[in-house]
Structures are given as C-alpha cells and as structure tokens.
Protein chains: 2
Amino acid sequence: MRIGEFAEAAGTTAKTLRFYEEQGLLPPPDRTSSGYRDYPPDAIARVDFVHRGQAAGLTLAQIRQIVDIRDAGHAPCAHVRDLLDARLRDIEQQIAQLTALRDTIANLRDDAAHPEPETCSADQVCRYV
Amino acid sequence: MRIGEFAEAAGTTAKTLRFYEEQGLLPPPDRTSSGYRDYPPDAIARVDFVHRGQAAGLTLAQIRQIVDIRDAGHAPCAHVRDLLDARLRDIEQQIAQLTALRDTIANLRDDAAHPEPETCSADQVCRYV
DNA sequence: CTTGACCTTCCCCTGTACTGGAAGGTCCAG
DNA sequence: CTGGACCTTCCAGTACAGGGGAAGGTCAAG
C-alpha cells in the first residue's frame, strides 16, 4: 500500500505519516524497488493508536514513550497510568486557571458595559483593562 | 532612565522591553547622545497596561490593537468590549472542551486501575488508550 | 511518447512571547 | 588606563504538530 492510499485509509495525510515516522511513532515501512514506502494494512492500528493518544490529550512525545515501551517488548500499562494521572492533574489545573480568568474577564466586561469614554485617560490607555 | 533600571521598576527585563518596542506596544523612547534608550518614568504606565492586558488573557497582538486606537487619538472602549466578549466566548469553549477531555481521561484512568497486561495485545499497543 | 498523478528528499514557514548569546560600544570607579 | 557593568544590534532558538512548496524520480493510461 503506497503512502497516499494508506494515509486516506488511516484518516490522515502523507505528510503527517512521514512526520510520524521521523518522530519514531511509526516503524519505517518497507520500500519498493523504486524507493516508495510500502505499508502493510495492519499498520493502520498504530496510526489509530496515535490518534487515540492525541484524543486523550497526550503529546506526540508521550505517545512515543508508550510505543517505545511496547516495542521494547513490555506492557506499558504502568507508564500509561502515570501519564494519564499527570495529564489529569494538568487539566484540572488548567480548568481552574481558565475559570478564574473567565471570572476576571467577566468582571472587566461588566464594567465596560457602562461606557464612560470621558473617564478614560490616555495615560492608562483604557480604564476597563 | 536607562533600560535596566526602567525594566526593574516596571517589573520586567530589558530584553522584553526591546521586544515590546519592536512589536509596537511601547513608543520608541528618546536616545542619549551615545545611543542608549532613555525612558521617561511615566512610560511605566504603558508597561503596566500591557501586563494588565495579559492578565486579562489578551495576546500582545490584541493589546497592540488597543494601544494603536488610543495612540490614534480615539477611546478604545468599544473595541475593548468586543475583544473581551470574544475572549470570554473562547474561554467558555476551552473550559467545555477541557471538561470533556477530563472526563474522557478519568474514564481511561479508571479502566487502567485494574491492570490486566495479558489482555494488551501488541497490536493495539495499550488497551487502555 | 507524453501527460498527469503520485512518490522521494529537502528546507523553510506557521503562531506565541519571549530568551540566549555574539560582537562591539559606553560609562564610571579605582 | 583598565576592568566590569551596562548598553547597542542582530541572529537564532524554544515548544508543538505539522503544512507549503521546490526539484526531481516513477508509474500507468492513452
């Protein structure tokens, strides 16, 4: 299977597949005599795994850690648990920060609902921010 | 006031001040005869405005739009309201996405709490993701 | 035999907000 | 007069996940 067809089957682009290979996420496929990449159909599972990892909010570097452990012949379960835990903590923190930011902006916005341009001095640029 | 002293007074670094100037956020200050930047103390208000804009989640490009309006002699109130509204919508959306992602990951993590490495096939790399 | 679709490698570009460092000029104290 | 602290400009790089496009090779159909 050549890269274009494989990319479409895997729901991505040829460019991205070459990039994943370069990043160590996909094993380099065989080449035809003319140098074209020749993918086995079951390599799609690996691309799907990368996509699921991304959907879980993992970076490509983290996904690579997992596939490296698997390719070294081990089950990556423990590492995956650690990654998911860390990601969960990050996300909780991001949500907390965004929530605080939302409240801050909502307050600024409320102030700005009563336009009093004359009280804006050029010094402070804008009295609402 | 030379850049180092001014930077400290404004709570930032000389490098950052040159960057802000290059980005059009700060007006180019006068220069001494030897070419050193010479800041008037009241320029600190402009730096503070940039910092407040950042605290409100605005990008430097957006802050620049505001100061450009102000420097053109207009009150930026209406534009500021639009920016704050847009930012608020973005943040609400980000929070919703992160909340959904958190639930997804929490579920994956729960699955991974019961380790069954033997059911992980090398094909799927990891059955938890 | 040629056309067009596909493939290869290569390098640069995107956006964000800076940071690091090199090469050289300036200023002040000792 | 010399050393060190400060300043100048310019170039390059950071993290992230690719995208754009050039120059050239390959393959199948008409």
Side-chain angles (χ1 to χ4, degrees), chain A residues 1-26 28-39 43 46-67 83 86-87 90-91 94 97-98 101, chain B residues 1-26 28-39 43 46-67 83 86-87 90-91 94 97-98 101:
Chain A
M1 218 179 189
R2 293 197 308 190
I3 197 169
E5 190 188 356
F6 182 74
E8 192 169 8
T12 184
T13 67
K15 208 89 180 175
T16 298
L17 290 174
R18 292 192 200 98
F19 174 70
Y20 284 176
E21 180 182 331
E22 188 190 313
Q23 299 300 306
L25 291 162
L26 300 182
D30 289 342
R31 300 288 183 127
T32 66
S33 56
S34 59
Y36 286 15
R37 285 176 181 78
D38 187 22
Y39 290 91
R46 179 60 79 93
V47 180
D48 283 347
F49 177 75
V50 174
H51 288 161
R52 288 199 306 279
Q54 287 191 299
L58 300 179
T59 65
L60 294 186
Q62 292 173 325
I63 296 168
R64 191 198 161 148
Q65 291 173 6
I66 300 174
V67 304
L83 285 176
R87 195 75 192 94
D90 279 2
I91 291 176
Q94 283 181 49
Q97 282 175 4
L98 282 177
L101 183 55
Chain B
M1 216 177 191
R2 293 196 310 190
I3 197 169
E5 191 189 353
F6 182 75
E8 193 171 6
T12 183
T13 67
K15 209 91 182 176
T16 299
L17 289 174
R18 291 192 200 99
F19 175 71
Y20 284 175
E21 180 182 332
E22 188 190 312
Q23 299 300 306
L25 291 162
L26 300 182
D30 289 343
R31 300 289 183 127
T32 66
S33 57
S34 59
Y36 286 14
R37 285 176 181 78
D38 187 20
Y39 291 91
R46 181 60 80 91
V47 180
D48 283 346
F49 178 75
V50 174
H51 288 160
R52 288 199 305 277
Q54 286 192 300
L58 301 178
T59 65
L60 294 185
Q62 292 173 325
I63 295 169
R64 190 198 163 150
Q65 290 173 9
I66 300 174
V67 302
L83 283 177
R87 194 75 192 94
D90 279 2
I91 290 177
Q94 282 182 48
Q97 282 174 5
L98 281 177
L101 184 55

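Letters A, B, ... are given to chains in the order of the sequence lines, protein chains preceding strands, and every chain is numbered from 1. What you see is a predicted model; the values in this text were computed from it and never measured.
B:Thr16 OG1 to B:Leu25 CG: the interatomic distance, rounded to the nearest 0.5 Å, is 11.5 Å. Expressed to the nearest 0.5 Å, how far CZ of A:Arg2 lies from OG1 of A:Thr32 amounts to 8.5 Å. In this structure, A:Ile3 CD1 and A:Arg18 CZ are separated by 4.0 Å, a value rounded to the nearest 0.5 Å.
As rounded to whole Å, 11 Å separates atom P of C:dC18 from atom CG of B:Leu17. Straight-line distance from the CD atom of B:Glu22 to the C1' atom of D:dT8: 14 Å, rounded to whole Å. Straight-line distance from the CD atom of B:Glu5 to the C1' atom of D:dC6: 12 Å, rounded to whole Å. In this entry the distance linking CG of B:Asp30 with P of D:dT8 reads 13 Å, nearest Å. Residue A:Arg18 contributes atom CZ, which lies 14 Å from atom C1' of C:dC11 at whole-angstrom precision. The distance from atom CZ of B:Phe6 to atom C1' of D:dT8 is 18 Å, rounded to the nearest whole Å. Atoms CD (B:Glu8) and P (D:dA5) sit 16 Å apart, rounded to a whole Å. Taking atom CZ on B:Phe19 and atom P on D:dC10, their separation rounds to 16 Å, with Å as the unit.
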What pairs of donor and acceptor atoms, side-chain ones from residues 53-64 of chain B against any protein atom, are under 3.5 angstrom apart with sequence neighbours left out?
| residue | atom | partner | partner atom | Å |
| --- | --- | --- | --- | --- |
| B:Thr59 | OG1 | B:Ala61 | N | 3.4 |
| B:Thr59 | OG1 | B:Gln62 | N | 3.1 |
| B:Gln62 | OE1 | B:Thr59 | N | 3.0 |
| B:Arg64 | NE | B:Asp68 | OD2 | 3.1 |
| B:Arg64 | NH1 | B:Gln23 | O | 3.2 |

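A sub-4.0 Å separation between OP1 or OP2 of D:dA17 and a side-chain N or O of A:Tyr20 is absent. Here B:Arg31 reaches the OP1 or OP2 of D:dT9: one of its side-chain N or O atoms lies under 4.0 Å away. The phosphate of D:dA17 has neither OP1 nor OP2 within less than 4.0 Å of any side-chain N or O from A:Thr16. OP1 and OP2 of D:dG18 both lie 4.0 Å or more from every side-chain N or O belonging to A:Thr13. Using a 4.0 Å cut-off, no side-chain N or O of A:Arg37 falls inside it from OP1 or OP2 of C:dC7.
Pairing each heavy atom of A:Ala7 with each of A:Ala14, the nearest pair is CB-N, 3.6 Å. Of all the heavy atoms in A:Leu83 and A:Gln65, the pair that sits closest is CD2-OE1, 4.0 Å. Of all the heavy atoms in A:Gln94 and B:Leu98, the pair that sits closest is OE1-CD1, 3.7 Å.
Relative to the axis of its first five pairs, the axis of the last five pairs of the helix from C:dC1-D:dG30 to C:dG30-D:dC1 sits at 40°, rounded to 10 degrees.
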Base versus backbone protein contacts along nucleotides 22-28 of chain D [heavy-atom cut-off under 4.0 Å; B, S, -]: ---BBS-

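Of the residues in residues 55-64 of chain A, not one comes within less than 4.0 Å of DNA chain C through any heavy atom.
For B:Glu21, the side chain to side chain donor-acceptor pair (under 3.5 Å) partners two or more places apart in sequence, or in a different chain, are B:Arg37.
Below 30°, between 30° and 60°, or above 60°: for A:Tyr20 and A:His51 the angle between ring planes is above 60°, a perpendicular geometry.
Among the atoms of the strands shown, only primed sugar atoms or phosphate atoms (P, OP1, OP2) are found under 4.0 Å from some heavy atom of B:Gln54.
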Where do N or O atoms of nucleotides 12-15 of chain D meet protein N or O atoms at under 3.5 Å, pair by pair?
none

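No donor-acceptor distance shorter than 3.5 angstrom exists from the side chain of A:Asp38 to the backbone of A:Arg31, with no hydrogens or angles considered.
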